[in-house]
Amino acid sequence: HDGGVDELDLFDLNVQEIGTIMEDTTEYTQDDAYDIDNYILHLDDGLLGGEREITVDYVAGWNAGGYATITITNYALITPLMTITIALGGSGGVVLTEGTNWYDDTSNEAVAISIAAAINANATLSADGGVSAFTIGAKVYIADRTAQRAITTCVLSATTGMTLSGSPLAGVNFPEGLRNAVMLLVAGRFAKRKNARVKNYTIGTKSVSFGSDEDASEFSRIVSQYKRAKVFVL
């Protein structure tokens, strides 16, 4: 951007949380919480003047699997050999131990990165149908890969120096509008399955044809609010 702006259009819908904002090599900070309007980020102060590159770490989108967060509040107070146990589907459990799988590092952010890396490196947890992890600042997001599986748990052996939110993994927020659009489409296919207008109803590599112009228009109207043009300036 060319500087001086107090509003940024991010590239993804439904932005949930903002991490670090960098103006080239200078970090932007503000005292108040960020004001987010879907994908538009409003800032209290204008960014620095002059053409520069802006990098924003953020969490966005909808989640159909549930997630938990571990926030590192004081890395110096973390108990040695502390464990994080993640049980997929509420059964069994993978134990990640401080000093073996992840490490009490030199900052809250570094500990968060270490925990996320341990989760993603574990073959059982990182496989299809497992979980994945990423960080925003000192917070670790543990996201379930299986849609609407609400019984995967995350347990800490101690809470000194960190806090856990969301166990069983919670936060499923798949848009009802998209769910309804799919239901309307499927219902329409059953209602018209003997209609001669449905000529290309196949499964696999072929797309399903709409039975009428009305179906297509209604489907497009519903999903339009979940779409936006992707514009990248290089």
The single option from Ile78, Thr106, Asn74, Thr135 passing side chain to side chain contact (heavy atoms under 4.5 Å, CB included) against Val111: Ile78

Do [X] and [Y] have side chains that get closer than 4.5 Å, going by heavy atoms?
| X | Y | result |
| --- | --- | --- |
| Asp144 | Tyr67 | no |
| Leu48 | Asp24 | no |
| Pro80 | Asp104 | no |
| Asn120 | Ser132 | yes |
| Tyr28 | Asp44 | yes |
| Ile142 | Thr152 | no |

State whether the side chain of [X] and the backbone N or O of [Y] hold a donor-acceptor pair below 3.5 Å, judged by distance alone.
| X | Y | result |
| --- | --- | --- |
| Glu17 | Ile136 | no |
| Ser114 | Tyr103 | yes |
| Thr69 | Tyr141 | no |
| Asn14 | Gly61 | yes |

Worked verdict on Tyr75 versus Asp105 for side chain to side chain contact (heavy atoms under 4.5 Å, CB included): CA-CA 7 Å; Tyr75 73 95; Asp105 219 310; over 6 Å; no

